[in-house]
J.: 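Sharing a structure, written as structure tokens. Questions coming.
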Amino acid sequence: MIIKLDNVSYYYKAYNDDGTVGQAMGVEGVSLEIEQGSFVALVGHNGCGKSTLAKLLNGLLIPQNGVVSVNGLDTAVKENIFEIRKTVGMVFQNPDNQMVASIVEEDVAFGPENLGVPQAEIVERVYGALEQVGMAEYAKRSPHRLSGGQKQRIAIAGALAIRPQVLVLDESTAMLDPLGRREVLQVAHKLNKAGMTVILITHFMEEVLDCDKVVVMNGGHVVKTGTPNEIFDDERLLEEVGLKPPRAVALAKKLAGAGFAVTANCSDAHKLGGEVCQQLTKK
């Protein structure tokens, strides 16, 4: 178990209409375990607590109730934060907000430089990270001249240069076009297959198809965890939390209901189309 949350709550300061100070819930009563090497998706509509939970995972936010532990280290203990942030790398929604240098290799080097890594090792880490995300040929380029998907891959390389065990992608595909989203997801799955724990925070249900576990959030609470198919099968839950299954999955359900013998929860539109065409030619 690399990350464990035990009855975790976090509230933001909010101002009431009369000017008094109150609270707005971020997350409440969240208990969750994340296995080493797994690929976990956190899903839910905007404001459900996904990003708050992400920031709790590496000590950017400290729980007001409950315990978040990373490799057995409590995030509320100040002396643990340095090690925790080396363990859990974060990549956020807008890649432009994460760029700190005018050259790609310098941007990727920012993290290990701040950790006091020796210069020779920094160079090795930077180019190793760029290779991992398929961006080594852009090392001397300006990040601001790259596409959105390329920028986000540079941001991921910056996190990888710290050598984390866990990579958290907090809505990292939200501002990208379909090509950029696909590029980032391919990198995430490649890293996961190499042994890295990946936590993907998203509201695009198509992105969770190949995850090991999906965690559904609503109103600051975890309302269900399960495999992608278990989540897609719970139509009532998806309706309640304002999510829709991937189009191919929804279409497969309708076709099955109309008497077509198609693969249950089929997520591959091309495969689904082939199955339908096969059956139509038999009739």
Side-chain angles (χ1 to χ4, degrees), residues 39-48 50-51 54 89-99 104 129-138 141-160 167-194 196 198-217 227-229 231-232 238 241-255 262-263 265-277:
F39 197 123
V40 178
L42 298 180
V43 301
H45 60 76
N46 291 337
C48 71
K50 303 189 302 294
S51 291
M90 300 279 294
V91 180
F92 297 101
Q93 183 178 100
N94 189 341
D96 287 316
N97 291 343
Q98 299 168 79
M99 301 298 172
V104 165
L130 288 171
E131 286 283 357
Q132 283 181 284
V133 300
M135 292 294 289
E137 64 185 282
Y138 296 90
R141 303 276 190 91
S142 166
H144 302 292
R145 293 179 179 270
L146 302 177
S147 69
Q150 290 172 328
K151 289 178 183 178
Q152 203 60 288
R153 285 154 67 190
I154 295 300
I156 293 173
L160 295 179
L167 181 66
V168 179
L169 301 174
D170 184 11
E171 298 277 12
S172 299
T173 62
M175 299 181 67
L176 304 180
D177 60 21
L179 175 59
R181 286 172 55 196
R182 187 161 60 247
E183 289 175 346
V184 170
L185 287 173
Q186 286 173 344
V187 169
H189 282 287
K190 177 183 174 183
L191 293 169
N192 178 246
K193 287 177 181 177
M196 181 171 288
V198 176
I199 301 171
L200 174 68
I201 296 170
T202 184
H203 58 268
F204 295 117
M205 294 298 283
E206 290 82 1
E207 296 183 356
V208 313
L209 290 167
D210 298 318
C211 294
D212 300 315
K213 179 166 71 174
V214 181
V215 179
V216 183
M217 296 193 68
T227 65
N229 283 346
I231 300 302
F232 299 153
L238 293 178
V241 301
L243 296 173
K244 295 181 179 180
R247 291 180 182 178
V249 173
L251 181 57
K253 288 180 180 294
K254 289 183 178 180
L255 288 169
V262 296
T263 303
N265 277 330
C266 183
S267 60
D268 186 328
H270 294 290
K271 178 182 177 182
L272 181 61
E275 290 180 353
V276 172
C277 288

J.: What is the distance from atom OH of Tyr138 to atom CG of Leu146, rounded to the nearest 0.5 Å?
T.: 7.5 Å
J.: Is there a side-chain contact between Pro246 and Leu209, using heavy atoms and a 4.5 Å cut-off?
T.: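 Result yes, sub-4.5 Å side-chain heavy-atom pair found.
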J.: Given side chains that start at C-beta, do those of Met205 and Leu238 come closer than 4.5 Å, heavy atoms only?
T.: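 They are in contact (side-chain heavy atoms under 4.5 Å apart), so the answer is yes.
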J.: Which atom pair, heavy atoms only, marks the closest approach of Ala54 to Ile201?
T.: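 Of all heavy-atom pairs spanning Ala54 and Ile201, the closest is CB-CD1, 3.1 Å.
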J.: Any side-chain heavy atom of Met217 within less than 4.5 Å of one from Val43?
T.: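 When only atoms from C-beta onward are counted, Val43 and Met217 do not touch, as no gap falls below 4.5 Å.
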J.: Enter the distance from Glu206:CD to Lys244:NZ here, rounded to the nearest 0.5 Å.
T.: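 Separation between the atoms: 11.0 Å.
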J.: Could you pull out all residues at least two apart from Asp96 that satisfy side-chain hydrogen bond (donor to acceptor under 3.5 Å, both in side chains)?
T.: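 So Asp96 forms a side-chain hydrogen bond (donor to acceptor under 3.5 Å, both in side chains) with Lys151.
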J.: Output yes when a side-chain donor or acceptor of Gln150 lies under 3.5 Å from a complementary backbone atom of Ser147, and no otherwise.
T.: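 Indeed, once roles are kept as given, a pair shorter than 3.5 Å links the two residues.
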J.: In sequence, state the C-alpha distance, the side-chain angles, and the governing distance for Lys213 and Thr227, and then conclude on side chain to side chain contact (heavy atoms under 4.5 Å, CB included).
T.: CA-CA 5 Å; Lys213 179 166 71 174; Thr227 65; over 6 Å; no
J.: Indicate the atoms forming the closest heavy-atom contact of Gln98 with Ala155, along with that distance.
T.: OE1-CB, 3.7 Å
J.: Could you pull out the closest heavy-atom pair between Leu200 and Phe39, with the gap in Å?
T.: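 The answer is CB-CE2, 3.8 Å.
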J.: Of all residues at least two apart in sequence or in a different chain, which pass the side-chain hydrogen bond (donor to acceptor under 3.5 Å, both in side chains) check with Gln93?
T.: none
J.: Using 0.5 Å steps for rounding, measure from the CG atom of Leu243 to the CD1 atom of Ile231.
T.: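 Rounded to the nearest 0.5 Å, the CG-CD1 separation comes to 9.5 Å.
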J.: Does a side-chain heavy-atom distance below 4.5 Å link Leu160 with Leu191?
T.: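 Yes, side chains in contact.
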J.: Checking Arg153 side chain against Val187 main chain: does a donor-acceptor pair fall under 3.5 Å?
T.: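 No; judged by distance alone, with no hydrogens or angles, the pair does not exist.
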J.: Testing the basics here: between Ala129 and Ala157, what is the closest heavy-atom pair and its distance to 0.1 Å?
T.: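 Minimum heavy-atom contact is CB-O, 3.4 Å.
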J.: Evaluate side chain to side chain contact (heavy atoms under 4.5 Å, CB included) for Leu130 paired with Ile154, printing each intermediate quantity in order.
T.: CA-CA 7 Å; Leu130 288 171; Ile154 295 300; 3.7 Å; yes
J.: I need the Ile199 CD1 to Asp170 CG distance, nearest 0.5 Å.
T.: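 CG of Asp170 is found 10.5 Å from CD1 of Ile199.
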J.: Between the side chains of Ser51 and Glu171, is a donor N or O closer than 3.5 angstrom to an acceptor N or O?
T.: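 Judged by distance alone, the side chains do not pair up.
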J.: Look up atom OG in Ser172 and atom CG in Leu167, then write down how far apart they are to the nearest 0.5 Å.
T.: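 If we round to the nearest 0.5 Å, Ser172:OG and Leu167:CG are 7.5 Å apart.
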J.: Which atom names give the shortest non-hydrogen contact between Val208 and Phe232, and what distance separates them?
T.: CG2-CZ, 3.7 Å
J.: Determine the minimum heavy-atom distance between Thr173 and Arg181, stating which atoms define it.
T.: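 What the structure gives for the nearest pair is O-CG, 3.4 Å.
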J.: Please determine whether side chain to side chain contact (heavy atoms under 4.5 Å, CB included) holds for the pair Met135 and Ile156, giving the CA-CA distance in whole Å, both sets of side-chain angles, and the decisive distance to 0.1 Å.
T.: CA-CA 11 Å; Met135 292 294 289; Ile156 293 173; over 6 Å; no
J.: What do the steps show when you test Leu176 against Glu183 for side chain to side chain contact (heavy atoms under 4.5 Å, CB included), and what is the final call?
T.: CA-CA 10 Å; Leu176 304 180; Glu183 289 175 346; over 6 Å; no
J.: From Gln152 CD over to Asn94 CG, what is the distance, rounded to the nearest 0.5 angstrom?
T.: 8.0 Å
